[in-house]
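Comments concern the structure below.
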Amino acid sequence: MNKVYTKIESIVGNVITVRAEGVKYNDLAMVGKSYANVIKLDGDLVSLQVFAGAQGVKTDDPVRFLGVPMRVSFSENLLGRVFDGSGKPRDNGPELDENMVEIGGPSVNPAKRIVPKNLIRTGIPMIDVFNTLVESQKLPIFSVSGEPYNELLARIAMQAEVDLIILGGMGLKYDDYLFFRDTLEQSGAMSRTIMFIHTASDPTVECTMIPDMSLAVGERFALEGKKVLVLLTDMTNFADALKETAITMEQVPSNRGYPGDLYSSLASRYEKAVDFEGAGSLTILAVTTMPGDDVTHPVPDNTGYITEGQYYLKNGHIEPFGSLSRLKQNVNKDTRNDHRALMDGLIKLYSAYRESLEKKSMGFMMTEWDEKLLKFGQLFESKLMDLSVNIPLEEALDLGWEILAECFEPNETGLRSELIAQRWPKKLEA
Amino acid sequence: MAKTIGHVAGVNGNLVTVTFDGAISKNEVAFVKTGDTMLKGEVIRVNGSKASMQVYEMTNGIQVGDEVEFTGELMSVELGPGLLTQIYDGLQNPLPSLAEKCGFFLQRGVYLDPIPNKDWEFTPTAKVGDKLRPGDAFGTVPEGIFTHKIMIPFGFDDVEWTVTSIADKGKYNVRDNIATVKSPKGEEKKLTMVFSWPVKKAVNCYDERLRPDETLIMKIRIIDTFLPVAKGGTFCVPGPFGAGKTVLQHMESRNADVDIVIIAACGERAGEVVEVLKEFPELIDPKTGRSLIERTIIICNTSSMPVAAREASVYTAITMAEYYRQMGLNVLLLADSTSRWAQAMREMSGRLEEIPGEEAFPAYLESVIAAFYERAGKVRLHDGSIGSVTIGGTVSPAGGNFEEPVTQATLKVVGAFHGLSRERSDARKYPAIHPLDSWSKYKGIIDQKLVNNARNVLFKSNEINQMMKVVGEEGTSVEDYIEYQKGELLDAVYLQQNSFDLVDAAVPPERQKTEFDLLYKVLMAKFDIESKKEVRAFFNEMRQKFLDWNSVQISDERYAKYEKEINDLFKSKVKEG
């Protein structure tokens with residue numbers, strides 16, 4: 001069915017309407033040279049959302065319905081490639097149209113899910129040691145604009161021990177896109193990476209396609225047994241794009257202009273994270289910038305209800321307080337016997353350091369204990385918290401012990417005696 | 001009668017407009033035929049020859065002109081033996097069977113028999129000639145640990161039906177005809193063990209509703225003592241994300257002193273349902289000695305499953321709860337989270353272009369929530385036995401702000417409010433129920449007067465704490481400082497409970513009473529202590545001893561030892577007279 005319609009009835013925002021018959025809901029169409037999808041049917045009046053934007057669409061432009069929903073090609077050939085929000089290549093490679101899979105497919109049967117049990121090593125101590133990332137977890141990175149969240153994502157993309165990275169960029173600055181591309185190419189990680197990139201100058205509608213495309217491809221690879229990590233940046237732009245469309249469609253806004261189904265829209269994407277029994281897994285790490293550092297803003301707030309914890313990126317590092325991986329208990333008992341205790345011990349001391357720091361800034365006298373804490377805090381920040389640190393979990397734990405030994409007597413750490421006997425660095429004792 | 005047939009006239013998200021010829025009713029179920037799949041939906045508005053339907057599945061691929069088949073029946077669930085231990089989606093599709101059939105993904109348009117097709121050992125309890133009313137039992141089958149009553153369907157006319165034939169004791173398939181009954185008008189009906197009931201109608205086959213006056217023991221100190229829930233009552237648990245709503249509900253579902261627990265996971269994380277699925281079969285119910293899953297039904301419509309079915313899921317759950325209440329059992333329904341259900345209503349209301357109320361929620365939000373919670377209750381059945389349905393719903397207020405419409409609408413109708421606080425959860429004080437903001441209208445396990453006195457200690461302690469933040473510890477008198485420490489002690493050793501500690505995780509009421517009595521003595525006493533340093537040392541020691549006491553079994557010899565130590569410590573400092 002490839003009848004061409006040439007009378008567009010209305011053009012509002014990025015939505016056009018045309019009178020047509022035999023059109024299916026959510027099908028794809030070509031409007032001029034751009035893709036569009038059906039978002040409403042009312043009798044023979046069809047509303048279409050034009051991916052490239054309705055700017056410049058003429059009322060007699062040809063509208064051709066393709067009879068299929070939005071799909072994305074899936075094969076090994078995707079590796080190392082970069083696409084835009086409508087699935088067209090952004091690099092100079094050939095267009096791919098083999099083995100097309102539908103995007104936004106059905107969700108996984110809860111009865112088929114399993115309790116997550118494998119950790120993903122990233123080489124970043126603040127993640128591996130303190131808030132371990134677990135296969136099939138969905139975690140946002142809450143961040144204020146201006147924080148190095150894209151640097152963090154790039155670092156994770158290079159270092160994470162997974163088979164495949166899918167990077168979905170929404171509303172990225174062009175520089176950031178180039179940064180991602182160049183960094184991954186230089187590090188050699190590009191060969192295991194697929195990028196779906198929407199830049200800030202691209203049409204808004206394409207922005208809403210990025211998560212679905214990234215996740216549809218990721219899901220397929222996971223079903224084939226691959227350990228997939230999907231990195232999304234920035235989900236707030238995605239939510240804003242949804243808001244724009246909803247307002248154009250004259251939907252009643254619910255909270256700060258966002259559509260009432262924001263929670264469902266976010267959840268249906270995040271819930272794609274899954275560990276397939278007997279096959280691979282899909283893990284999601286998504287940057288969510290918080291406008292005005294406000295965690296009660298609808299986007300981070302709804303996200304927090306959906307995800308399994310969060311990383312707070314603040315002052316250039318992952319904040320130990322407030323960050324939480326809800327699934328870490330599932331895995332950190334099996335890593336090394338000192339992992340949990342050391343994690344708690346270090347955090348308690350770091351929290352005491354923060355108090356001492358506050359006391360110092362208010363001009364109080366520093367006791368000997370305060371001095372010790374201050375020394376510890378500085379070492380902790382530079383050796384473990386710094387985002388550029390790249391060491392395996394075990395080394396990070398050893399380093400934790402070394403920092404403790406450099407600053408404290410064993411009995412000051414609040415750690416169990418048997419652990420201290422086993423792990424306290426010997427050379428410094430002499 | 002021929003079924004009414006219609007045709008799709010428009011699609012907007014989950015809302016499908018249908019033109020039809022003939023008679024249809026509001027809330028009746030209809031199927032949209034698209035390709036070779038049938039998608040289930042419900043009529044929510046009729047206007048002339050156009051009906052608006054909410055479709056419970058993804059509407060991709062539906063086109064104008066697709067055939068719609070109206071069933072003439074309201075949205076219903078099947079009731080019968082075999083519901084327990086099941087995991088259903090919001091439309092009562094059994095998820096494990098669905099997984100066997102369709103694999104990893106939920107395929108739309110696949111509807112399986114909710115009641116497993118198996119044989120049951122039937123024992124008749126009525127004989128030919130007996131007169132029975134709807135909801136009265138005519139036989140029983142053993143379902144796990146329960147005697148499952150086979151009843152006259154609730155939907156029959158409320159008259160006396162005469163049994164005209166009934167099967168002998170023996171094994172029958174759940175859908176076999178096992179009895180026939182006749183109404184006074186001569187209408188004859190065949191009965192099986194299964195019948196259906198429209199989910200949005202409350203079951204009312206009972207003599208009278210009773211006041212919920214019996215405490216429902218949760219084995220959680222702060223609830224049983226300070227913020228009790230009653231059998232047949234309602235309570236709500238609002239809280240920001242990460243405050244431990246779901247953990248608290250899991251604790252309640254494990255420990256609650258009821259016969260049956262129904263968990264409705266409505267629009268929440270799938271991972272949390274999986275935890276219940278994997279955990280419950282391994283946990284032993286101390287009351288029955290059987291695995292917890294045997295008393296549990298899970299209804300799960302997780303956040304990525306179709307939104308329209310979310311609303312159905314809470315009704316499906318409450319209907320099953322009412323069904324088991326009809327057997328004289330106590331049922332607890334935990335709905336997590338009612339906010340997601342309200343959001344689903346909001347979404348649909350927006351599509352229907354209704355005039356929005358506050359935060360775009362529909363104007364009927366309050367009455368719908370009220371009607372739902374009103375389905376809880378303790379009732380006396382026709383045969384004199386008593387059953388109850390207790391509803392506990394979590395609320396996920398946007399930004400953790402309780403001033404939003406769903407929380408407020410819920411607070412109006414519930415009997416107890418367990419508000420979770422971010423402050424307390426950040427300080428790792430679990431369960432993070434705020435002891436001062438929360439309230440309950442039910443009777444607890446301890447004399448209300450004593451509880452009020454203890455609560456006043458908390459109030460006072462809190463006030464002094466606020467003051468101390470301004471004037472510092474130096475500016476506080478020793479007397480006030482003692483009062484402050486008393487509140488902290490009560491909080492640390494009684495209100496907080498360590499759910500990871502085997503003993504502390506579930507505290508039986510007798511133990512709560514003993515502990516409360518001893519603690520009460522400390523809270524009400526005057527102490528003979530001179531300096532704040534000593535006060536601090538005294539209360540630290542007291543706290544440590546109480547915590548040690550909390551973590552030993554009553555059967556343990558250390559139990560009495562710690563109790564004595566606390567008493568001794570108390571006597572050493574108390575002011576006589």
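Keep in mind it's a predicted model, so treat the numbers as computed, not measured. Letters A, B, ... mirror the listed sequences (proteins, then strands); counts begin at 1.
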Is [X] in contact with chain B via its backbone, its side chain, both, or neither, using a 4.5 Å heavy-atom distance?
{"X": "A:Arg326", "value": "side chain"}
{"X": "A:Leu266", "value": "neither"}
{"X": "A:Gln310", "value": "side chain"}
{"X": "A:Pro298", "value": "neither"}
{"X": "A:Glu219", "value": "side chain"}
{"X": "A:Ser136", "value": "neither"}
{"X": "A:Asp27", "value": "neither"}
{"X": "A:Pro253", "value": "backbone"}

Within-4.5 Å side-chain heavy-atom neighbours: [X] and [Y]:
{"X": "B:Asp66", "Y": "A:Tyr25", "result": "no"}
{"X": "B:Arg351", "Y": "A:Asp261", "result": "yes"}
{"X": "A:Val23", "Y": "B:Gln63", "result": "no"}
{"X": "B:Leu95", "Y": "A:Pro110", "result": "yes"}

Below 4.5 Å, heavy-atom pairs only: which of [options] has the largest tally toward chain A?
{"options": "B:Gly400, B:Gly61, B:Ala99, B:Ala344", "result": "B:Gly61"}
{"options": "B:Gly13, B:Ser337, B:Pro96", "result": "B:Gly13"}
{"options": "B:Ala265, B:Pro240, B:Gly399, B:Gly271", "result": "B:Gly399"}
{"options": "B:Glu57, B:Glu272, B:Glu268, B:Arg269", "result": "B:Arg269"}
{"options": "B:Lys278, B:Glu353, B:Glu279", "result": "B:Lys278"}

Once you round to the nearest 0.5 Å, how far does [atom1] of [X] lie from [atom2] of [Y]?
{"X": "B:Gln343", "Y": "A:Ser264", "atom1": "CD", "atom2": "OG", "value": "6.5 Å"}
{"X": "A:Ser107", "Y": "B:Arg108", "atom1": "OG", "atom2": "CZ", "value": "13.0 Å"}
{"X": "A:Glu277", "Y": "B:Phe104", "atom1": "CD", "atom2": "CZ", "value": "7.0 Å"}
{"X": "B:Thr17", "Y": "A:Asp42", "atom1": "OG1", "atom2": "CG", "value": "6.5 Å"}
{"X": "A:Leu262", "Y": "B:Glu347", "atom1": "CG", "atom2": "CD", "value": "10.0 Å"}
{"X": "A:Lys112", "Y": "B:Glu100", "atom1": "NZ", "atom2": "CD", "value": "8.5 Å"}

Which pair of non-hydrogen atoms, one from [X] and one from [Y], has the smallest distance, and what is that distance?
{"X": "A:Ile114", "Y": "B:Val274", "value": "C-CG1, 3.9 Å"}
{"X": "B:Pro356", "Y": "A:Val252", "value": "CG-CG1, 3.5 Å"}
{"X": "B:Asn12", "Y": "A:Ile39", "value": "OD1-O, 4.2 Å"}

Counting heavy-atom pairs closer than 4.5 Å to chain B, which one of A:Lys138, A:Arg269, A:Arg113 comes out on top? A:Arg113
When only pairs under 4.5 Å are counted, which of A:Pro106, A:Gly304, A:Ser268, A:Gly260 shares the most heavy-atom pairs with chain B? A:Gly304
Side chain / backbone / both / neither for [X] at chain A, heavy atoms under 4.5 Å:
{"X": "B:Leu277", "result": "side chain"}
{"X": "B:Met305", "result": "both"}
{"X": "B:Thr302", "result": "side chain"}
{"X": "B:Val64", "result": "both"}
{"X": "B:Pro397", "result": "both"}

As a test of understanding, state which of B:Arg346, B:Glu359, B:Glu358 forms a side-chain contact (heavy atoms from CB on, under 4.5 Å) with A:Ser254. B:Arg346
Criterion side-chain contact (heavy atoms from CB on, under 4.5 Å) against B:Ser303, the qualifying member of A:Tyr263, A:Tyr305, A:Tyr270: A:Tyr263
If we ignore hydrogens and angles and just use 3.5 Å, is the side chain of B:Asn60 paired with the main-chain N or O of A:Asn26 as donor and acceptor? no
For [X], is the [atom1] atom crowded, meaning more than 12 foreign heavy atoms sit under 6.0 Å from it?
{"X": "A:Arg220", "atom1": "CZ", "answer": "no"}
{"X": "B:Glu423", "atom1": "CD", "answer": "no"}
{"X": "A:Lys333", "atom1": "NZ", "answer": "yes"}

What's the verdict on side-chain contact (heavy atoms from CB on, under 4.5 Å) for B:Phe105 and A:Asn109, showing C-alpha distance, side-chain angles and the deciding distance? CA-CA 5 Å; B:Phe105 295 98; A:Asn109 189 331; over 6 Å; no
